[in-house]
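Single-structure report; data block below.
This chain uses plain numbering: 1 for the first residue, then up along the sequence. Every number for a ligand or one of its atoms is a count from 1 in the order of the listing.
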Amino acid sequence: MIVLKTGRELSLMREACVISAEALRAAGKAVEPGVTTAEIDRIVREYIAMRGAEPAFLNYNGYPAAACISINDEVIHGIPSSSRVIEHGDLVSIDLGAKFNGYVGDNAATYAAGDISPEAQRLSDTTRESLYEGIKVCVAGGRIGDIGAAISRYCEARGFSVVKEYTGHGIGAHLHEDPSVPNYGKPGRGTRLLPGMTLAIEPMINLGSAGIKLMQDGWTVKTADGKLSAHFEHTVAITTDGPKILTQL
Ligand code: MF3
Ligand code: CO
């Protein structure tokens, strides 16, 4: 069931999304060689608590942290650890959410630790740009398939591949609501986009092939070929005035 939000609900949700975006900005600033992923998770927890909000991921399906921090060939859901030290040249994806006013915000971005390879930079830039390509077509009257088609066309034209097993999602009072938002699809297919829909759009893009594997910890998803992956996410509202990026500062 898709829950459409009123204008008033969207303004409450915007506050949760701003807190999420500010927490992500703080986490991103902390990315540098020598820092552990547990330290970044602590910064996220403290920021969210300081704003009187709650980490949306902590305890979600048993997830043990406030942020997912996925490095290099880790695609998503990397669990922060005091033994995981960020190294020079790492590509670090941070994903986090906050709950406030009864609503959830969800966002992610990929950061460079020191100098990264040109191909890592191109992967990260392309993934971020593809998110905005997907957001552009979040207009009332469009279809869910338009979003994934825009994202996959953009990334595949540049030689990268789209992870298919994990998708974006509706979001609101709950972290995951209907509909599912795949990063691939056919234009004009799928659920119609309506004003009041709120979607988390989150391309997960691989440098090599699209295949992934789940690690023994039950959470961490890595590329099957060991090559790099990047991830960007915004929470977006579809309105009669076009897409509104709720997690944009
Ligand atoms: N942003 C991710 C998602 O939307 C991470 C949530 S999984 C969690 O699916 F368990 F860590 F919360
Ligand atoms: Co999400």
Side-chain angles (χ1 to χ4, degrees), residues 2-3 5 13-14 16-25 27-28 37-38 40-45 48 53-71 74-81 84 92-100 103-111 127-128 130-132 134-135 138 144 147-148 151 162-184 197-205 212 214-215 217-222 229-238 243 245-248:
I2 296 174
V3 183
K5 285 79 179 176
M13 192 165 159
R14 165 73 176 156
C17 287
V18 166
I19 295 169
S20 303
E22 289 171 350
L24 182 60
R25 181 170 64 186
T37 55
I40 293 176
D41 190 66
R42 181 185 52 79
I43 289 166
V44 170
R45 286 185 202 226
I48 291 172
E54 285 169 24
F57 294 4
L58 185 63
N59 301 321
Y60 184 87
N61 291 337
Y63 188 72
C68 301
I69 306 178
S70 310
I71 301 178
E74 296 169 352
V75 179
I76 49 167
H77 301 169
I79 301 172
S81 161
R84 185 70 191 267
V92 182
S93 297
I94 304 176
D95 185 358
L96 63 89
K99 188 163 194 181
F100 188 70
Y103 288 96
V104 179
D106 187 6
N107 59 181
T110 297
Y111 300 93
T127 307
R128 186 186 59 253
S130 79
L131 169 59
Y132 289 94
I135 292 170
C138 283
I144 284 290
I147 301 171
I151 290 169
V162 172
V163 172
K164 310 287 192 309
E165 290 86 348
Y166 295 86
T167 67
H169 48 92
I171 181 169
H174 305 279
L175 175 62
H176 292 149
E177 297 185 358
D178 288 339
S180 162
V181 185
N183 295 306
Y184 58 91
M197 273 187 189
T198 43
L199 305 175
I201 302 177
E202 46 180 320
M204 292 151 262
I205 306 299
I212 50 113
L214 180 64
M215 295 296 100
D217 63 16
W219 283 102
T220 311
V221 175
K222 288 192 187 187
S229 190
H231 181 207
F232 283 83
E233 177 178 27
H234 271 309
T235 298
V236 176
I238 294 163
I245 306 178
L246 299 179
T247 44
Q248 189 94 276

Between the side chain of S93 and the main-chain N/O of A109, is any donor-acceptor distance below 3.5 Å?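 Answer holds: no.
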Could you go through the side chain to side chain contact (heavy atoms under 4.5 Å, CB included) check for V181 and I144 one step at a time? CA-CA 6 Å; V181 185; I144 284 290; 4.2 Å; yes
For [X], the ligand 1 atoms whose distance to one of its heavy atoms is below 4.0 Å:
{"X": "H169", "answer": "3 (C), 4 (O)"}
{"X": "E202", "answer": "1 (N), 3 (C), 4 (O)"}
{"X": "Y63", "answer": "10 (F), 11 (F)"}
{"X": "W219", "answer": "10 (F)"}

To the nearest 0.5 Å, how far apart are CD1 in I94 and CG in L24?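 One finds 6.5 Å between CD1 of I94 and CG of L24.
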Could you tell me whether ligand 1 has any atom less than 4.0 Å away from a heavy atom of L175?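 It does, in that a heavy atom of L175 comes within the 4.0 Å cut-off of ligand 1.
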Would C68 count as a contact residue for ligand 1, given that I'm defining contact as a non-hydrogen atom of the residue lying under 4.0 Å from a ligand atom?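 Right, C68 reaches ligand 1.
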Residues E202 and T167: closest non-hydrogen pair is OE2-O, 3.6 Å
What is the minimum heavy-atom distance between V44 and A23, and which atoms define it?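 In this case the closest contact between V44 and A23 is CG2-O, 4.4 Å.
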Side chain, backbone, both or neither: D106 near ligand 1, heavy atoms under 4.0 Å: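 Side chain only; the backbone of D106 stays clear of ligand 1.
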The Co ion (ligand 2) to E233: nearest N/O/S atom name: OE2
Suppose we only allow N, O or S atoms; which atom of D106 ends up nearest to the Co ion (ligand 2)? OD2
So for atom NE2, which belongs to H174, do other residues, nucleotides or ligands contribute more than 12 heavy atoms lying within a distance under 6.0 Å? no
Would one find an N, O or S atom of H169, in either backbone or side chain, under 2.8 Å from the Co ion (ligand 2)? yes
Any N/O/S of E202 under 2.8 Å from the Co ion (ligand 2)? yes
Any idea how H77 and Y63 line up, ring-wise: parallel (<30°), tilted (30 to 60°), or perpendicular (>60°)?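 H77 vs Y63 ring planes: tilted.
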Do any nitrogen or oxygen atoms of H176 lie less than 3.5 angstrom from nitrogen or oxygen atoms of ligand 1?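 It does: an N or O of H176 is found under 3.5 Å from an N or O of ligand 1.
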The single option from L58, I40, L96 that satisfies side-chain contact (heavy atoms from CB on, under 4.5 Å) with R45 is L58
Intermediate values then yes/no, side chain to side chain contact (heavy atoms under 4.5 Å, CB included), I171 and L199: CA-CA 6 Å; I171 181 169; L199 305 175; 5.8 Å; no
Which is closest to atom 2 (C) of ligand 1 by heavy-atom distance: V181, T167, I171, D95?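 Result: the heavy atom closest to atom 2 (C) of ligand 1 is in D95.
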Which heavy atom of the protein is the closest neighbour of atom 7 (S) of ligand 1, given with residue, atom name and distance?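 That would be H77 NE2, 3.6 Å.
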